[in-house]
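Have a look at the structure below before the remarks.
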Amino acid sequence: SPDAGRWLAWGIILLIAAGAWWIHLHWGISASMVAIMAGAIVGTAAPLGRGATSEAGRIVRWLVPPAIVLKGAGLDLGMVGSVGLPALGVIIAGILVAVGAAWIAGRALGLGRRTTFLIGVGTGFCGNSAIFAMAPLVRADEEDMGVSVGTINFYGLLVMLALPFLGAALGTSAQSF
């Protein structure tokens with residue numbers, strides 16, 4: 001039955017996630033890498049049936065994009081706990097400013113909503129990873145993706161080349177800047 005496939009998929013995903021987290025806690029191996037590898041092995045080696053496989057794919061497509069975005073945003077709860085709750089506010093404010101500024105600039109330049117949104121999440125979170133994670137959710141086409149990725153990479157390169165000069169102009173050493 002469809003419900004049996006759904007429950008089987010959720011159960012396997014939760015077991016893989018719990019196992020990956022346990023391995024991370026005890027051996028320091030990336031939980032996401034363990035989960036990806038385990039999911040690939042289970043998905044190809046275990047006869048789950050069409051319903052469970054389809055449901056697992058749907059769940060993964062639903063869970064992975066926000067996980068990539070949160071990881072890229074640096075929302076590590078341990079770090080927030082050690083630095084303090086105000087750090088979380090600074091992170092969220094920075095993301096909102098970046099996404100908002102990209103939205104305003106993109107709309108002023110006549111870019112489409114999807115392209116503007118993808119540039120915003122690419123700017124506010126983790127660049128291309130956020131764009132690739134969010135693109136399926138907004139049904140972005142190849143042009144949306146090309147413009148978004150190109151924009152993020154162009155401005156990222158520009159900033160990377162400008163930062164040493166900015167640091168020198170501010171009189172900071174390479175280590176402190």
Side-chain angles (χ1 to χ4, degrees), residues 6 9-10 13-14 16-17 20 30-40 43-44 50 53-80 83 85-170 172 174 177:
R6 178 174 295 132
W10 273 106
I13 288 172
L14 290 173
I16 289 173
S30 168
S32 58
M33 294 309 297
V34 171
I36 289 168
M37 294 299 294
T44 56
R50 196 175 282 176
T53 302
S54 175
E55 183 67 15
R58 189 186 70 75
I59 294 167
V60 168
R61 281 189 304 278
W62 178 70
L63 289 177
V64 168
I68 291 172
V69 170
L70 290 173
K71 180 70 173 164
L75 293 178
D76 179 349
L77 296 179
M79 179 197 65
V80 171
V83 176
L85 202 52
L88 181 60
V90 170
I91 292 169
I92 292 171
I95 290 169
L96 291 175
V97 166
V99 172
W103 181 263
I104 291 167
R107 299 306 289 163
L109 294 170
L111 297 176
R113 289 183 201 184
R114 291 180 183 132
T115 302
T116 301
F117 174 75
L118 292 174
I119 291 171
V121 297
T123 303
F125 292 96
C126 55
N128 293 337
S129 297
I131 291 171
F132 286 112
M134 298 305 288
L137 299 179
V138 298
R139 294 188 173 103
D141 60 22
E142 286 183 27
E143 183 178 348
D144 297 324
M145 295 290 294
V147 171
S148 303
V149 168
T151 300
I152 293 301
N153 287 319
F154 173 75
Y155 285 107
L157 178 62
L158 199 63
V159 168
M160 186 177 68
L161 295 173
L163 284 178
F165 297 105
L166 178 60
L170 294 172
T172 61
F177 187 73

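Just so it is clear, the structure is predicted and the values come from calculations on it, not from any experiment.
- No side-chain donor-acceptor contact under 3.5 Å links Asn153 to the backbone of Gly150.
- Nearest heavy atoms, Gly124 versus Ala98: CA-CB, 3.6 Å.
- In plain terms, the two heavy atoms of Ala35 and Ala20 that are nearest each other are N-CB, 3.8 Å.
- Atom-to-atom distance recorded for Phe117:CZ and Leu137:CG is 8.0 Å, nearest 0.5 angstrom.
- Remark: side-chain polar atoms of Thr151 are paired, donor with acceptor, to backbone N or O of Val147 under 3.5 angstrom.
- Separation of atoms CG (Leu109) and OG1 (Thr116) is listed at 8.5 Å; rounding is to 0.5 Å.
- The side chain to side chain contact (heavy atoms under 4.5 Å, CB included) test with Leu118 singles out one residue from Val138, Val149, Ile152, and that residue is Val138.
- The number of heavy atoms from other shown groups lying within 6.0 Å of CZ (Arg113) does not exceed 12.
- We find the OG-CD distance between Ser148 and Glu143 to be 9.5 Å, quoted to the nearest 0.5 Å.
- Taking each heavy atom of Asp144 and Asp141 in turn, the nearest pair found is N-OD1, 2.8 Å.
- Between the OG1 atom in Thr115 and the CE atom in Met145 there is a gap of 10.0 Å [rounded to 0.5 Å].
- Nearest heavy atoms, Ala102 versus Gly120: CB-CA, 3.4 Å.
- Atom CH2 of Trp103 and atom CD1 of Ile119 lie 11.0 Å apart (nearest 0.5 Å).
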